[in-house]
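These numbers come from a predicted model, not from an experiment. First listed ligand is number 1; within each ligand, the first listed atom is number 1.
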Amino acid sequence: MPVETHGRALELAETHGTPLLVFSPERLQSAVDRLQAFTGRLPFPTEVYYSYKTNYLPQLCVLLSDHGIGAEVTSALEYHLARRYCTPQRIVVNGIGKMAGLLQHAATGGRPRLVNLETDTEIEHLGALTGDGDPLAVGLRACLPGVSGERGSDPSVHWRRGTPKFGWNSTGAEVIRAARTVASTPGAVLEALHIHAGSQVVSADFYEAVLTKTCTLLQRLRAAGITTVTTLDVGGGLASGWVGKRRTGPLFEALHAAGLRIPAREQKAPDLDGIAAAFQRNADRLHRLGIRRLILEPGRYLAEPAMTAVATVVAVRKDGPRRHAVLDIGTNALHCWRSDEKRPIVFAHPDTPGTATLWTVVGPLCHRSDSFGTVHGPSDLRPGTRVCLDAVGAYSVGDWIANTWMRPPVVATDGTVLWRRQDTADFLALAQDTEEATPHAG
Ligand SMILES: *Cc1c(COP(=O)(O)O)cnc(C)c1O
């Protein structure tokens, strides 16, 4: 329960000070339970691979692994971490890191469950990686024009706003050519289609559109003689239900482009019943096109509820009608927090139950985006008051290695190393060893 978690987080802040991040195995467990209830309603056997880049706190990874959830990795570092908890057969390999060493690692340490390719360059390397032994299971990442929630702007592939940045366009000729090349590579088997199309998705319509376009692509592949695709990997992208966001779609964007400023409806919880029903409706067609199992790669859905931040109000400022509460944590440290998203913000104020005043809660940085939102709080809010910032478990601690990799060294012009380069050992040494922290973990 949210309130229990906040109470415990505030207690821990008394011992550990602030800012503080509190990991809740109970929250993670309940997200796992809800996800497994959902996958149980899907019309095909469903394998789940947790997206490591979302948050690779070892205790979180271990708990998921204990529930039979594998790892989805996008960098060599994540692959090494995942190998602590998973056999290669429970690792799905994705992402830009493949061409930065990950493919080589994945090909030498035992066959991963699946390698999803997304560029011609990766296919060129495939021949050199497969060799003897068991065939390498390969998926092709396709992007579906018109349904992508990933607004890519990667100049190498697609420029236009609204077109996805990863994978082959599902309607083009290149995807068929790519499929043929993989299919004719000795040691590789083209087992899957990979469609990671959205993020923070809440609607069943989104999946209906994804499945419709996926069926069209499967049909085109079969017409081209490709009949080995038995797995549909629908990626991640499920909203966790904890974060409110005004979501926009094509209609909204058209109106917006025409100069109409209508507020989008705020949405929060994913419509899991509706999404399961969309899969049920498309099940026969998918089955006729050869699909026998599904893969999901949730990140945010599992990790987001599992962490709460605790901060302390360090200053209270009045500025005309506005009231600012300045915290000792900023959006640079909680950079999961986007200005168009609403997460629970809860003041600890045991002596002052009044919640009459609207407070804009900000971090200590001097830039505009360092703002967490405007919420009701006690009128006589004082410095020293603790605040819980909830649902910060996704894309907060993980981003350091997934998206920026190691911290670079700082070197003076005379060559003196002022700040040593961070390496993998430094990074992982920061996390308490899983055995030490959870003695019961197997
Ligand atoms: C980031 C990512 C995920 C996880 O996405 P969420 O929105 O956090 O569920 C899954 N698959 C791939 C390929 C990704 O890049």
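- Considering backbone and side-chain N/O atoms, Gly237 comes within less than 3.5 Å of an N/O atom of ligand 1.
- Salt-bridge formation is detected for the pair Glu208/Arg281: a Lys NZ or Arg NE/NH1/NH2 atom is positioned less than 4.0 Å from an Asp or Glu carboxylate oxygen.
- Here's the thing with Lys53: one of its N/O atoms is less than 3.5 angstrom from an N/O atom of ligand 1.
- Shown in contact with Asn94 at under 4.0 Å from a heavy atom are these atoms of ligand 1, numbered in order with element: 13 (C).
- Close contacts of ligand 1 with His196, meaning ligand atoms under 4.0 Å from a residue heavy atom, involve 2 (C), 3 (C), 5 (O), 10 (C), 11 (N), 12 (C), 13 (C), 14 (C), 15 (O).
- Under the side-chain hydrogen bond (donor to acceptor under 3.5 Å, both in side chains) criterion, Ser240 pairs with Glu304, not counting sequence neighbours.
- Shown in contact with Gly236 at under 4.0 Å from a heavy atom are these atoms of ligand 1, numbered in order with element: 9 (O), 10 (C), 11 (N).
- Residue contacts with ligand 1, taken as heavy atom pairs separated by less than 4.0 Å, involve Tyr395 solely via side-chain atoms from C-beta onward.
- Pairing each heavy atom of Arg83 with each of Ile91, the nearest pair is CD-CD1, 3.7 Å.
- Side-chain atoms of Glu26 and Ser30 form no donor-acceptor pair, as typed in the model, at a separation below 3.5 Å.
- Considering backbone and side-chain N/O of His194, none are found under 3.5 Å from N/O of ligand 1.
- Taking any N or O of Gly299, backbone or side chain, at least one lies under 3.5 Å from an N or O belonging to ligand 1.
- When only modelled atom types and interatomic distance are considered, Gln267 and Gln200 share no side-chain donor-acceptor pair under 3.5 Å.
- The shortest N or O to N or O distance between Arg300 and ligand 1 is below 3.5 Å.
- Remark: Arg343 is positioned above the aromatic ring of Trp337, its terminal NZ or CZ atom under 6.0 angstrom from the ring centre and at most 45 degrees off the axis.
- Partners of Tyr79 by ring pair (Phe, Tyr, Trp, His ring centres under 6.0 Å), not counting sequence neighbours: none found.
- Considering backbone and side-chain N/O atoms, Glu297 comes within less than 3.5 Å of an N/O atom of ligand 1.
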